[in-house]
Amino acid sequence: MGDWFTGRKRAALKRRLLAVDAYIDDAVSSVLPGATRKWDAVCAAFDRFRVRGWRRWLAEFLGEAATLGVAGTVLMLALAQPAFRETGDDWLNRGDISVTFLDRHGNEIGKRGVMQNDGVPLSELPPHLIMAALATEDRRFYGHFGIDVMGTLRAVVQNARHQGVKQGGSSITQQLAKNIFLSNERTLERKINEAFLALWLEHHLTKDEILKLYLDRAYMGGGAFGVDAAAQFYFGKSAREVTLAESAMLAGLFKAPTKFAPHINLAAARARASVVLDNLVDAGMMTEGQVQVARFNPATPKPVQQVTSPDYFLDWAFTEIRNMAKAGAFNGQRVLVVRTALDPAVQRHAEASVEQMLRQYGEQYDVDQAAVVIMEPGGAVRAMVGGRDYGVSQFNRAVDAYRQPGSSFKTYVYAAAFASGKYTPDSVVVDTGICVGNWCPQNYARKFAGKVQLVNAYARSINTVPVRLALAVGQRPIIQLAHAMGIRSKLDVGRAFALGVEEVSVMDHTSAYATIANGGRKSQPHAAVEVLDSKGEALWRQDRDMKPGDQILGAHVVADMDKIMLAVTEAGTGGRARMDGWQVLGKTGTSQSYRDGWFVGFTSSLVGGVWFGNDDFTATNEMTGGSLPAMTWKEIMTFAHQGLTPRPMLGLPAPAGGGAVSQAPTDGAAGASRSRNLTEGAARVLTEIGADASTAGGRPSDRASLGGLEIIRAPRVIAR
């Protein structure tokens with residue numbers, strides 16, 4: 001009976017399946033012919049568009065062009081997003097604050113920003129001044145859409161022909177975009193953003209408005225921004241009143257304001273003005289007869305006091321003040337007077353020292369650039385050198401350049417090791433071969449020392465030891481500590497991480513070392529000590545309104561770091577930075593292939609970072625951090641420490657002293673490091689007398705005690 005029911009179920013299932021199959025077959029047979037007829041109709045319709053021969057190739061080309069055009073448009077929109085984010089509601093007022101900067105003694109050192117008034121209207125400027133600017137900077141200004149394609153192509157050809165940068169291809173609109181929105185950093189990203197912002201400016205402003213903004217905001221040398229300020233500075237008159245010869249000289253400043261500044265090099269300024277007059281004739285804006293008078297009677301600037309402006313420092317300080325203004329720190333005030341911690345004497349000496357070192361040793365070491373930052377342990381910046389010549393390049397290598405720190409990065413590795421509680425300066429680590437994967441680091445001398453104390457490994461800049469420490473404590477804790485101490489650049493985990501292959505800026509590296517000099521409390525670099533309004537009322541004070549830094553390192557870690565960092569200059573790679581009468585703590589650094597040389601160090605009063613290298617990242621001639629950087633550091637800091645008194649430091653024996661006349665002020669405090677009643681020369685003589693008196697009892701022993709560790713001062717230091 002059961003088999004009978006099962007057979008009936010199977011028969012019923014077969015009938016249902018056959019019914020479904022029949023339904024599908026019927027639907028397909030009825031729909032398919034109709035669909036086929038419609039498809040044939042579509043194909044017949046498209047057959048009408050079939051082309052052969054050259055028409056087919058044209059159609060293929062247009063189709064590919066349309067595809068690539070859509071893809072290119074999407075790519076351009078993606079690239080334009082970072083640039084367009086800069087164009088907020090207040091884009092035109094970004095620099096619309098006027099800031100007068102004072103040094104730490106209250107003397108004016110420069111101005112930045114633009115006054116809120118419109119200055120001299122474009123219609124009131126002499127036509128020959130406007131024509132001189134256009135003929136020299138952008139002849140097709142009124143004809144292009146923000147980017148001068150023909151001018152760019154011509155510049156590319158000329159630069160390729162001369163195998164270097166011979167001509168610039170940026171239009172006036174592009175230069176204005178850079179001045180308003182961007183920095184002077186030489187990167188492809190900045191050039192892309194500059195191009196998009198130029199198009200944006202052309203869409204939102206008229207040509208006359210763009211030209212007016214450019215003439216008001218271009219740097220013209222001597223601390224002057226805009227043609228009217230430059231006319232006042234160089235010729236003692238308004239831009240409304242300048243002659244053709246003076247207009248030509250002013251227009252020649254756009255290319256290299258310091259190089260062609262008439263108060264610095266009158267011959268070069270007149271030669272450049274002659275080129276501008278040639279441009280006027282070549283562009284058809286004036287005839288040779290009209291410019292003859294200006295050729296035979298070149299402009300002569302009014303006698304001005306020969307002054308140098310700390311322009312790299314002022315640019316950085318202005319950025320700081322502008323950011324504070326955006327954050328509402330000054331209650332909406334737009335005309336400000338800022339007292340800074342800058343020491344003009346130290347600043348001048350730092351600039352002169354860099355130039356002297358590059359002139360004397362640049363060819364020997366095949367190096368042509370440098371950067372310096374000098375600050376107090378609390379972060380107040382006393383001096384800044386962002387490059388060899390601000391007139392040639394306004395790119396601030398002390399703030400905006402990121403380079404490999406080499407062995408000077410080992411400071412963060414050792415600090416993390418001491419903070420972990422696993423190591424002390426006296427801990428013994430084996431210096432022998434070690435491999436991480438297929439990477440096997442070598443020491444500078446290609447030798448291994450065997451068992452070595454950490455204090456000696458750090459002083460001698462042994463490479464295998466920090467690699468072992470990084471493996472023991474972990475790279476991520478080191479990264480976290482470096483960031484907490486002041487490094488702001490991105491640091492990635494990697495095999496050679498402990499040897500300083502990640503990039504840092506001179507400012508960040510110096511401020512991170514200042515954290516150690518500041519007793520382990522984070523040192524925030526800053527320019528402003530006090531900000532006043534136009535009436536002299538205090539709007540902001542560093543000691544009142546600036547939040548103290550967090551405590552990053554414990555006292556025992558600071559004491560341990562002081563001990564090993566002193567060993568670097570007493571018996572290690574930094575011997576050339578040693579200063580008589582002062583305990584100098586620091587670290588040398590040399591990056592891969594000798595591309596970068598560093599010395600970063602401090603005393604009880606000041607912290608300094610020095611970098612030497614080449615802008616194009618080419619290798620130097622075996623320049624190490626213990627050579628030119630350490631020598632320059634000593635030269636600058638010896639001058640900066642005149643009149644200062646050595647103070648005790650954690651973990652170190654009390655300094656011997658040295659007959660100084662005053663205690664060092666801290667963190668930008670008012671008052672000079674030298675008595676205001678003494679000239680710099682008199683202070684120097686007084687210091688030398690005190691030093692002679694301190695050493696009258698006899699020559700210090702060549703054997704120094706370093707926290708219980710006896711060190712023999714080597715007569716010759718092998719630099720690294």
Report task. Return yes when atom CG of Asp580 has more than 12 non-hydrogen atoms of other residues, nucleotides or ligands closer than 6.0 Å, and no otherwise. Result -> no
Requested in this report: Decide yes or no on side chain to side chain contact (heavy atoms under 4.5 Å, CB included) for Val529 and Arg104, but give the supporting numbers first.
Outcome: CA-CA 8 Å; Val529 174; Arg104 64 194 311 267; over 6 Å; no
Report task. Could you tell me the separation between the NE2 atom of His483 and the NZ atom of Lys522, rounded to the nearest 0.5 Å? Result -> 10.0 Å
**Report entry** Euclidean distance, Gln524 CD relative to Met375 CE, rounded to 0.5 Å
**Finding:** 9.0 Å
Query raised in the report: Under the ring pair (Phe, Tyr, Trp, His ring centres under 6.0 Å) criterion, do His509 and Tyr412 qualify, and how do the steps go?
Result: CA-CA 10 Å; His509 209 23; Tyr412 312 115; 5.7 Å; yes
**Report entry** Residues, nucleotides or ligands: over 12 heavy atoms within 6.0 Å of Gln364 CD
**Finding:** yes
Query raised in the report: Can you tell me if Thr588 uses its side chain to pair, donor with acceptor, with the backbone of Gly626 under 3.5 Å?
Result: no
Requested in this report: Report yes if the side chains of Trp316 and Val373 come closer than 4.5 Å at any heavy-atom pair, otherwise no.
Outcome: no
**Report entry** Partner of Tyr219 by ring-ring contact (aromatic ring centres under 6.0 Å, His included), out of Phe318, Tyr390, Tyr214
**Finding:** Tyr390
Report task. With rounding to the nearest 0.5 Å, note down the distance linking CD1 in Ile109 to CG in Leu342. Result -> 4.5 Å
Report summary line: Between Ala528 and Val338, the two heavy atoms sitting closest are CB-CG1, 3.8 Å
Query raised in the report: Tyr594 and Tyr365: aromatic ring centres closer than 6.0 Å?
Result: no
Requested in this report: Can you spot which of Leu250, Leu253, Leu266 makes a side chain to side chain contact (heavy atoms under 4.5 Å, CB included) with Phe260?
Outcome: Leu253
Query raised in the report: So, does Asn614 use its side chain to make a donor-acceptor pair with the main chain of Asp368 at under 3.5 Å?
Result: yes
Query raised in the report: Going through the distances and angles, do Asp400 and Ser505 end up as a side chain to side chain donor-acceptor pair (under 3.5 Å)?
Result: CA-CA 7 Å; Asp400 299 321; Ser505 70; over 6 Å; no
Query raised in the report: Is Ser511 reaching over with its side chain to a backbone N or O of Pro525, donor-acceptor style, under 3.5 angstrom?
Result: no
Query - Interatomic distance, Ser591 atom OG to Trp611 atom CH2 [nearest 0.5 angstrom] - result: 9.5 Å
Query raised in the report: Distance-only, no hydrogens or angles: does the Arg595 side chain make a donor-acceptor pair with backbone N or O of Phe617 under 3.5 Å?
Result: yes
Query raised in the report: Any side-chain heavy atom of Met561 within less than 4.5 Å of one from Thr411?
Result: yes
Requested in this report: Using a strict 4.0 Å threshold on nitrogen-to-oxygen distance, state whether Asp389 and Lys259 make a salt bridge.
Outcome: no
Query raised in the report: In this structure, are over 12 heavy atoms from other groups packed under 6.0 Å from Arg544 atom CZ?
Result: yes
**Report entry** Trp633 side-chain N/O to Gly608 backbone N/O, donor-acceptor pair under 3.5 Å
**Finding:** yes
Query - His526 side-chain N/O to Ala341 backbone N/O, donor-acceptor pair under 3.5 Å - result: no
Query raised in the report: Given Tyr312 and Val399, is the side chain to side chain contact (heavy atoms under 4.5 Å, CB included) satisfied, shown in steps?
Result: CA-CA 9 Å; Tyr312 289 114; Val399 177; over 6 Å; no
Query raised in the report: Is the shortest heavy-atom distance from the side chain of Thr620 to the side chain of Phe612 under 4.5 Å?
Result: no
Query raised in the report: So how far is it from Arg403 CZ to Trp598 CH2, rounded to the nearest 0.5 Å?
Result: 8.5 Å
Requested in this report: Report the residue from Gln356, Glu355, Glu363 that forms a side-chain hydrogen bond (donor to acceptor under 3.5 Å, both in side chains) with Arg359.
Outcome: Glu355
Query - Gap separating the CD1 atom of Ile636 from the CE atom of Met631, nearest 0.5 angstrom - result: 12.0 Å
Query raised in the report: Distance-only, no hydrogens or angles: does the Ser170 side chain make a donor-acceptor pair with backbone N or O of Gln175 under 3.5 Å?
Result: no
Query raised in the report: Would a distance-only check, ignoring hydrogens and angles, find a side-chain to backbone donor-acceptor pair under 3.5 Å from Gln347 to Met384?
Result: yes
Query raised in the report: Does the Glu530 side chain pair with the main chain of Asp543, one donor and one acceptor, at a distance under 3.5 Å?
Result: no
Query raised in the report: Under 6.0 Å from the six-membered ring centre of Tyr402 and within 45° of its axis: does the NZ or CZ of Arg488 meet both?
Result: no
Query raised in the report: What is the ring orientation for Tyr234 with His263, classed by angle as parallel under 30°, tilted 30 to 60°, or perpendicular over 60°?
Result: tilted
Query - Test side chain to side chain contact (heavy atoms under 4.5 Å, CB included) applied to Met565 and Val600, step by step - result: CA-CA 10 Å; Met565 295 178 81; Val600 189; over 6 Å; no
Query raised in the report: Are any side-chain N or O atoms of Gln551 and backbone N or O atoms of Leu553, one a donor and one an acceptor, separated by less than 3.5 Å?
Result: yes
Query raised in the report: Per the side chain to side chain contact (heavy atoms under 4.5 Å, CB included) rule, which among Val367, Leu628, Asp366 passes with Tyr361?
Result: Leu628
Query - Student check: side-chain heavy atoms of Ile516 and Met485 closer than 4.5 Å - result: yes
Requested in this report: Could you pull out the closest heavy-atom pair between Leu644 and Pro646, with the gap in Å?
Outcome: O-CD, 3.9 Å
